[in-house]
Undergrad: 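The structure that follows is given in the form of structure tokens.
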2 protein chains.
Amino acid sequence: MAKTAEPPERREKQDTRRAILDIAQELFAAQGYAGTSVADITSRLGMSKAALYYHFSSKTEILRALLQEPIAAYARLAEDAAGPLGTRELLASVIDTTVDLRALIDVIGNDPSAQSALQDLIPRSREINEAITAALAGPQPDPARIIRAHAAYAAAKNGTLALLAAHGGRLSRLDRTELLAAAERALTSTDSPSAS
Amino acid sequence: MAKTAEPPERREKQDTRRAILDIAQELFAAQGYAGTSVADITSRLGMSKAALYYHFSSKTEILRALLQEPIAAYARLAEDAAGPLGTRELLASVIDTTVDLRALIDVIGNDPSAQSALQDLIPRSREINEAITAALAGPQPDPARIIRAHAAYAAAKNGTLALLAAHGGRLSRLDRTELLAAAERALTSTDSPSAS
DNA sequence: GTCTATAAGACGATAGAC
DNA sequence: GTCTATCGTCTTATAGAC
């Protein structure tokens, strides 16, 4: 009991850090990164700006901490795409990853000011999108198949975001099943079945 | 010849106004609305901030002028959705409208700071999305059909944006044809053809 | 129609006390 | 770990000359 107990100060420090990140995420999504001031964040928490700067050395570092997990998750998605995964499994992975990261995708994917603030970390998102659509298109794809890959990816990713927004943040099993089937149909032309 | 000639001063004023809007659109898309200062815009044009404020009374009004056309175009799309249009024609209309407004959709649809700056004009975009997906779902739709409507709308709209980005801003006829077919397949389930 | 100069305040970030 | 007070800069917007 003595060894497993954590020092209480450590605990509080981590909690405050988490609280800052939670509020920052909410405000960045609502007003944008550039549109949210450090004072906006601290006033919501009832603390001073100086207190926040004890936990984060800059506003940019808050954004960096928020985007660390999503960027890693998307990198995993790109690795999946490069692997031996079938198109159905890949599209399902796109849907599931999008669900997990919905709140942060509002920041990472939608806010130009966040992207220009993290120029070193973000450029990968474009590469990842290309890797996924390339994997969906398959080897030696004809132009039409590339177009269908973009359509299927958009149906999976943005369809998921739209349904999450419409259904109050939860994706039902029916949502997932129908969305996946629709994305697969978008990918597969009727006159060239192209079995995966 | 005397009556048709326009006063040259009027002409220059309109030209300067257009130049401001063009640069503002480019910078808002790249850095976000909140992330772009009035000085950023005027320095690109080689003019003073005061000169800009002769043409626009505030930074918000520049944004409002930029979004006026896109909002009207989307409103027209919502009217089309309410009319007797078939689902194929509606999806084609979504693709064509997205192409026309691609540069501004980067602002209207992607930037949280722009949306929070124009709270009175923007809330309609959510209603319009709902009107389009409702029209795609048809009368008395079952839950699965509503999901497919979201998938088809995402394929048409975001698929168009992805292809525009990948193909350097132009949508070929093949792009349009394949995208439309893919969106239609996403909408129509194999075991319930649901003729429109 | 455009300029210089400046007002008035918000911004990110720090110093130093407790 | 949090505070008050403040620094220096950037911001939107205006005044007044040309």
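Residue numbering restarts at 1 for every chain, and letters A, B, ... go by the order of the sequence lines. Predicted model, so just to flag it, every value in this text is computed and none were measured.
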Undergrad: Strictly by salt bridge (charged side-chain N to carboxylate O under 4.0 Å, His left out), give each pair with a member in residues 175-188 of chain A just once, sequence neighbours left out.
TA: A/R88-A/E184, A/D96-A/R176, A/E178-B/R148

Undergrad: Does anything in residues 17-32 of chain B reach DNA chain C, meaning a heavy atom under 4.0 Å, and if so which residues?
TA: none

Undergrad: What string of B, S and - do you get for nucleotides 4-18 of chain C, 5' to 3', if B is base contact, S is sugar-phosphate-only contact and - is no contact with any protein heavy atom under 4.0 Å?
TA: B------SBBBB---

Undergrad: Measure from CZ on B/F56 to C1' on D/dT12 and round the result to the nearest Å.
TA: 16 Å

Undergrad: Residues in ring-ring contact (aromatic ring centres under 6.0 Å, His included) with A/Y33, at least two apart?
TA: A/F28

Undergrad: Please check: side-chain N/O of B/S116 versus main-chain N/O of B/S113, any donor-acceptor pairing under 3.5 Å?
TA: yes

Undergrad: Enumerate the residue pairs fulfilling ring-ring contact (aromatic ring centres under 6.0 Å, His included) with a member in residues 37-95 of chain B, sequence neighbours excluded, ordered by first and then second residue.
TA: none

Undergrad: Of all residues at least two apart in sequence or in a different chain, which pass the side chain to side chain donor-acceptor pair (under 3.5 Å) check with A/E79?
TA: none

Undergrad: Mind checking side chain to side chain donor-acceptor pair (under 3.5 Å) for B/T133 and listing every partner two or more places apart, or none if nothing turns up?
TA: none

Undergrad: Under the side chain to side chain donor-acceptor pair (under 3.5 Å) rule, collect the residues that match up with A/E61, sequence neighbours excluded.
TA: A/S57

Undergrad: What's the CD1-C1' distance between B/I62 and D/dT12, to the nearest Å?
TA: 11 Å

Undergrad: Would you tell me if any nitrogen or oxygen in the side chain of A/Y54 comes within less than 4.0 Å of OP1 or OP2 on D/dT2?
TA: no

Undergrad: Measure CG/B/L52 against C1'/D/dT14 and give the value in whole Å, please.
TA: 13 Å

Undergrad: Show every salt bridge (charged side-chain N to carboxylate O under 4.0 Å, His left out) that has at least one partner inside residues 29-41 of chain B, sequence neighbours left out.
TA: none

